[in-house]
Every structure is written in structure tokens, then in C-alpha cells.
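Before any comments, here is the structure.
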Amino acid sequence: MNTACRVSFLLQQFFTQRLMNQRNVSSHTIACYRDTFRLLLEFIHRQKHRVPSQLTWEDFDAPLIGAFLDHCERDRHNVARTRNLRLTAIRSFFRYVSFQEPAEASRIQQILVIPNKRQPRRLIGFLTYPEVEALLAAPDQHTWSGRRDHTFLLLAVQTGLRLSEVTGLRRQDVHPRTGAHVYCLGKGRKERRTPLAKRTVDVLRGWLREPSRGRDDIVFPNARGGRLSADGAQYLLANTWRRPARTVPHFARNASRYMCFATQRQWRCSRAASIPRPSRCGLGTNHLQPHTSTWMRT
């Protein structure tokens, strides 16, 4: 097998054998790696005028990978986080190649030592109780989509589930009876069972009695009955955001699908910090108990 065929063969083996069969990575990881190599191959084609089937190991080196990463930031306007994700996919491939092509060890080592780019970690904002109540009151509950949006937002804020976990919920994952909770298989294939408050249970029961659209097992379908996508959820949130943003003073102006998780985390920290504890002088800390909305009580 010549070198050009070897590159194509190992790239295919990397996806079909290494990622899918051996590591059993998620479809999101495969899609991310696929997009990375599609962009990389297009970049090499523009730089060296060679199609993927003609590439050899001599076409890959650290300066080329560095130029590709700079291209992603400069021309495609990717942030440092996305740049680092592209580099992670490239490293994973060449780490796999290093065991298959030991003769290219020096070239591969130079690629593997390319460092990640440091990036600022911005603080994710959170909502106060009045802001959350205003947000939940925004959807028009006289319409099917409004009732779906209200239930979606209430569940997201009360549980703090990730976006993929909420949109991936099936009807069999919702347990509204005694010990009410939702079950999900979260990031890293971790099973999670999150308790539900009484208000959330009542709203969920009403929503699950709605006539189903499309697939019967999806809790929050889109208008066509399919699973709500990330873009669809962001559109839902942006539309819902406009009404309280006009009426509530100092309401956050930028909708973020991460804000519900940050809000729930902030409230949990506030409630944990306010639990009465005995002190040396015999006084508790009941005076620190924050206001708790009725829908947060279980």
C-alpha cells in the first residue's frame, strides 16, 4: 500500500474502528471530528492543490497545522475554544497514527506538542426569582407552542439540566408520581435522576396530556413533531426573552441557554449556605434564609 492510500485508509480506520468501535464515542464527538477534518482537507487543498486521495504524510507537519488553526480564528472567526476543539481532534488522529506508522514518529511528535490556546473564562449570568417568574409568564399558554415553551423553561430552571438532556427527554423518562423525578443519560453517559418540585410536576402532567405530535415519546417536540434542536431551543429562548426584557428593570439582555443551569446552581448554593447551623454562641442562621419561591418547594 503506497503512502497516499495509507493516509486515506488510516483516516477511515480512525473513524470507523477507533472512534466508533473501540471507544464508542457519542455522535456529537464524531460530528465534531468529521467537521474538523473536512475543514483541514479543504485547507490543504487550497494551500497545496492536492485532493485528499493524493495526500502523503509529508503533507502534514506542525507549520501546516498551525496555519490551519490560525485560518480558523482569522478567516472563520472561531473563538479560542473552537480552535482548541479542532486541535484536540487532530491530536487524537495523529496519536492513533503514531502506533500505526512508527517511521513518522518525529513528524507526529511535532504535531502533538502544539499547545492549546489560553482563553478567558467568562462568568455566566443568572436570573433572580422575579426575573424567572417574568420569564415563565412570557409564553402565551393559550397556544400549543406557548404551553410547550412554558413547560420547557420551568423544567430547565427547576432541574438545571443541560440543553441536550432536556431536549432528549422521553415520556418514559418523566416520573410524576410518588418521588417525582426525571431520568436522563447525561454528559459522559452518566445516569441522573433529578427530583421535581410540586409546581413542575403539575405543569408536566398537564403538558403530557396534550395531543402528541410526531413521535409519541418526545416530551418537547418541535412544530413538525421531531426532536427540538439546539438552534430551535435558542430561538425559543430568544423569543421568550423579549417580553420580560421590556418590562422587568435590569433584566438580562442576552439570552443564553446556559443561564438556566447557572441560575439553578446559584440558587442551590444560596440555599445550602442558608441552612441553619448551630453556632458557638448558640444562635442559628435563620436570619440568612433567602426568599424561596413556591415552585422551588418540594
Side-chain angles (χ1 to χ4, degrees), residues 14-36 81-82 84-85 88-89 92 124 126 147-210 212-237 256-269 272 295-296 298:
F14 174 68
F15 279 93
T16 58
Q17 296 297 321
R18 179 63 172 173
L19 295 182
M20 300 176 65
N21 291 343
Q22 297 178 6
R23 298 189 59 190
N24 192 27
V25 300
S26 69
S27 58
H28 300 288
T29 302
I30 293 177
C32 178
Y33 282 31
R34 175 205 62 198
D35 293 342
T36 297
R81 181 182 179 87
T82 304
N84 292 339
L85 287 175
T88 298
S92 181
I124 300 177
F126 62 92
R147 292 188 294 273
R148 179 203 62 186
D149 297 351
H150 174 77
T151 309
F152 180 92
L153 292 171
L154 177 61
L155 180 67
V157 172
Q158 193 258 296
T159 60
L161 295 179
R162 294 181 175 87
L163 176 63
S164 60
E165 295 171 349
V166 179
T167 58
L169 284 177
R170 309 294 180 183
R171 288 177 177 258
Q172 60 267 26
D173 298 330
V174 181
H175 302 271
R177 300 183 182 277
T178 304
H181 66 277
V182 291
Y183 165 85
C184 68
L185 190 65
K187 186 177 182 180
R189 295 186 176 86
K190 295 180 180 178
E191 292 186 352
R192 298 176 61 189
R193 297 185 186 273
T194 307
L196 297 176
K198 184 179 184 301
R199 176 181 172 183
T200 309
V201 173
D202 294 339
V203 173
L204 268 173
R205 282 175 176 168
W207 170 247
L208 294 176
R209 287 194 294 267
E210 293 273 347
S212 59
R213 295 193 178 188
R215 294 179 56 181
D216 296 339
D217 59 342
I218 297 180
V219 176
F220 300 110
N222 56 27
R224 295 181 298 275
R227 176 176 173 174
L228 194 65
S229 65
D231 291 337
Q234 185 67 41
Y235 178 78
L236 175 159
L237 186 58
S256 169
R257 59 178 181 262
Y258 303 102
M259 195 166 286
C260 291
F261 174 74
T263 298
Q264 177 58 218
R265 183 173 57 185
Q266 178 69 18
W267 289 354
R268 286 176 180 172
C269 292
W295 60 270
M296 284 292 293
T298 57

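Bear in mind the structure is a predicted one, so any value in this text is a computation, not a measurement. Positions are given from 1 along the sequence.
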Would you tabulate the side-chain donor-acceptor contacts of residues 24-34 under 3.5 Å, counting partners in other chains and residues two or more places apart, or write 'none'?
from : atom 1 : to  : atom 2 : distance (Å)
S26  : OG     : T29 : N      : 3.3
S26  : OG     : T29 : OG1    : 3.2

Review point. What's the spacing between L154 CG and L196 CG if we round to 0.5 Å?
Key: 9.0 Å
Study note, to complete from the structure: Closest non-hydrogen atoms of R227 and I218, given as atom of the first, atom of the second and distance, are N-CD1, 3.6 Å
Pairs under 3.5 angstrom only: tabulate donor-acceptor contacts from the side chains of residues 173-185 to other protein residues two or more places apart or in another chain.
from : atom 1 : to   : atom 2 : distance (Å)
D173 : OD2    : R170 : N      : 3.0
H175 : NE2    : Q172 : O      : 3.4
H181 : ND1    : G179 : O      : 2.8
H181 : NE2    : R193 : NH1    : 3.4
Y183 : OH     : E191 : OE2    : 3.2

Check your understanding: How are the rings of W207 and F220 set to each other: parallel, tilted or perpendicular (split at 30° and 60°)?
Key -> parallel
**Study point:** From V219, L204, D217, residue fulfilling side-chain contact (heavy atoms from CB on, under 4.5 Å) relative to L169
**Key:** V219
Practice item. Could you grab the distance from atom OG1 of T82 to atom CG of D35, nearest 0.5 Å is fine? Key: 11.5 Å
Point to revise | For R148, salt bridge (charged side-chain N to carboxylate O under 4.0 Å, His left out) partners two or more places apart | key: none
Study note, to complete from the structure: The side-chain hydrogen bond (donor to acceptor under 3.5 Å, both in side chains) partners of R18 (sequence neighbours excluded) come to Q22
Review point. In terms of heavy-atom contacts, does CZ of R23 have more than 12 from other residues, nucleotides or ligands at under 6.0 Å?
Key: no
Review point. Can you tell me if Q158 uses its side chain to pair, donor with acceptor, with the backbone of T200 under 3.5 Å?
Key: no
Review point. When rounded to the nearest 0.5 angstrom, what distance separates CG in L155 from OG1 in T194?
Key: 8.5 Å
Revision key, fill the gap. Rounding to 0.5 Å, atoms CD (Q234) and CG (L163) come to a distance of 8.5 Å
Study note, to complete from the structure: Those residues at least two apart in sequence (or on a different chain) that pass side-chain hydrogen bond (donor to acceptor under 3.5 Å, both in side chains) with T36 are R86
Revision key, fill the gap. In this structure, OG1 of T167 is separated from CZ of F152 (nearest 0.5 Å) by 6.5 Å
Review point. Among all residues two or more places apart in sequence or in another chain, which pass the side-chain hydrogen bond (donor to acceptor under 3.5 Å, both in side chains) test with T151?
Key: none
